[in-house]
**Student:** 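Dropping a structure here in structure tokens format, bear with me for questions.
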Amino acid sequence: MLLYIRYNNFNIVADLYRPKIRVRVLRTWRKNTNTQAVAWNDWQTERIQRNMRLAATRNNVSLMKSLLEFGVSPNNHDDHGRTPLHISACRGYTEIVRLLLENGADPNQRDCIGNTPLHLAMVNSKLSVVTLLLTAGTDVLALDSYGYNPLQLAKAKLRMLQRNCNNEDLLEIKEEMRNIINMLMAYLQKNMREQVETLSNFCSRLSLSNTSDQVQDNVKDLLTNINALSITD
């Protein structure tokens, strides 16, 4: 080798090393290409999943159908752990929720603070969504990060209504009570059918309530009956 260099036979030296250089270049190129391909695929996947969450936010049923048919996982989530089901359940988008559940969305998946889609639907009084989630097998007694299950959250909302009972908010409070009663009935129809009639009677009483005192009494009685039903144990 030194002989080649001594007589300035650099072309010969280059010819000896050229195959090795080619192999190294090829390996480096393949490695970089694979890395770029993986990064591109990850970016594409995240972009498509983000579009699905956007479809859930905007109640875009046609886009949601297309993405599900394309094979996008309905259980993808954002940085806060919120899935398309969390987003649509919170907003009460019944058709989107139904599509997601039919295509394998997990009704018990939690976000970063421990909320399931049912927690969010209950807090926002989205009755039709609650019914769908209960039918899909949601764990109604699942605790969030604050130690509340959906039924306890319903009780907390009733207590809030009890504190805010006044003539100005009377119609709104009555409507909120109906929503809460209907949500409880959706649960009881699956587990304690004999108690549904009790809640139905509350709806009738609520329709006849015309003063804040009467509504407040109804809220108090409903809270008492929820405790008596032992449905939050």
Side-chain angles (χ1 to χ4, degrees), residues 85-98 101 107-108 110-111 113-233:
L85 190 58
H86 280 95
I87 297 168
S88 54
C90 179
R91 289 165 169 77
Y93 297 153
T94 307
E95 187 60 28
I96 295 285
V97 170
R98 181 181 291 107
L101 291 172
N108 292 310
R110 298 172 180 270
D111 62 17
I113 60 174
N115 286 322
T116 65
L118 182 60
H119 282 104
L120 302 179
M122 288 285 288
V123 169
N124 290 285
S125 300
K126 305 302 182 183
L127 170 62
S128 57
V129 171
V130 170
T131 304
L132 284 173
L133 292 170
L134 288 171
T135 304
T138 302
D139 181 6
V140 76
L141 297 180
L143 300 179
D144 66 9
S145 61
Y146 299 101
Y148 289 105
N149 63 45
L151 297 178
Q152 289 169 325
L153 289 172
K155 288 174 64 178
K157 191 158 190 174
L158 279 172
R159 293 192 184 98
M160 182 181 67
L161 292 177
Q162 193 175 28
R163 290 193 299 269
N164 296 331
C165 272
N166 57 65
N167 290 321
E168 293 181 5
D169 302 323
L170 194 58
L171 293 177
E172 182 179 342
I173 290 173
K174 288 172 68 173
E175 184 61 29
E176 285 293 317
M177 283 189 65
R178 288 192 186 93
N179 288 333
I180 293 169
I181 290 171
N182 287 333
M183 284 188 288
L184 293 173
M185 288 175 64
Y187 169 66
L188 292 173
Q189 284 173 349
K190 194 177 179 184
N191 299 275
M192 303 172 70
R193 296 177 184 275
E194 67 276 10
Q195 305 297 343
V196 172
E197 185 177 352
T198 301
L199 292 172
S200 297
N201 290 335
F202 270 104
C203 283
S204 300
R205 284 176 51 188
L206 193 61
S207 299
L208 300 174
S209 301
N210 297 315
T211 67
S212 60
D213 288 340
Q214 290 174 331
V215 173
Q216 193 166 16
D217 288 341
N218 287 335
V219 173
K220 182 179 178 180
D221 291 344
L222 181 55
L223 279 168
T224 301
N225 275 270
I226 291 176
N227 290 327
L229 292 176
S230 299
I231 59 178
T232 59
D233 293 341

**Student:** Who pairs with L127 by side chain to side chain contact (heavy atoms under 4.5 Å, CB included), at least two apart in sequence or on another chain?
**Tutor:**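 Applying side chain to side chain contact (heavy atoms under 4.5 Å, CB included) to L127 gives T131, N182, M183.
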**Student:** Going by the rule side-chain hydrogen bond (donor to acceptor under 3.5 Å, both in side chains), which residues pair with T94 if we only count those two or more places apart in sequence or in a different chain?
**Tutor:**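 By the side-chain hydrogen bond (donor to acceptor under 3.5 Å, both in side chains) rule, T94 matches S128.
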**Student:** Side chain to side chain contact (heavy atoms under 4.5 Å, CB included) for L85 and T116? Distances and angles first, verdict last.
**Tutor:** CA-CA 9 Å; L85 190 58; T116 65; over 6 Å; no
**Student:** For L120, what residues pass the side chain to side chain contact (heavy atoms under 4.5 Å, CB included) criterion, not counting sequence neighbours?
**Tutor:**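 With neighbours one apart ignored, the set is H86, C90, N115.
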**Student:** Hey, what do you get for CD1 (I180) to NZ (K155), rounding to the nearest 0.5 Å?
**Tutor:**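 Taking CD1 in I180 and NZ in K155, the distance rounds to 12.5 Å.
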**Student:** For residues L133 and L101, determine if any side-chain heavy atom of one lies less than 4.5 Å from a side-chain heavy atom of the other.
**Tutor:**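 In contact.
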**Student:** Apply side-chain hydrogen bond (donor to acceptor under 3.5 Å, both in side chains) to E175 and list each qualifying residue two or more places apart in sequence or on a separate chain.
**Tutor:**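 Once residues adjacent in sequence are excluded, E175 has no partner under the side-chain hydrogen bond (donor to acceptor under 3.5 Å, both in side chains) criterion.
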**Student:** Can you name the residues that form a side-chain hydrogen bond (donor to acceptor under 3.5 Å, both in side chains) with R91, not counting sequence neighbours?
**Tutor:** none
**Student:** Less than 4.5 Å apart, any side-chain heavy atom of K174 and any of M177?
**Tutor:**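 No, side chains not in contact.
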**Student:** Holding to salt bridge (charged side-chain N to carboxylate O under 4.0 Å, His left out), I want the full list of residues that pass it with D221, two or more places apart in sequence or in another chain.
**Tutor:**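 Applying salt bridge (charged side-chain N to carboxylate O under 4.0 Å, His left out) to D221 gives R205.
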**Student:** Considering non-hydrogen atoms only, spot the tightest contact between A136 and P107 and give its length.
**Tutor:** O-CG, 4.1 Å
**Student:** With sequence neighbours left out, write down each residue that passes side-chain hydrogen bond (donor to acceptor under 3.5 Å, both in side chains) with D139, or none if nothing qualifies.
**Tutor:** none
**Student:** Nearest 0.5 Å please: distance from the NZ atom of K220 over to the CG atom of L158.
**Tutor:** 14.0 Å
**Student:** How far apart are the closest heavy atoms of A89 and V97, and which atoms are they?
**Tutor:** N-CG2, 3.8 Å
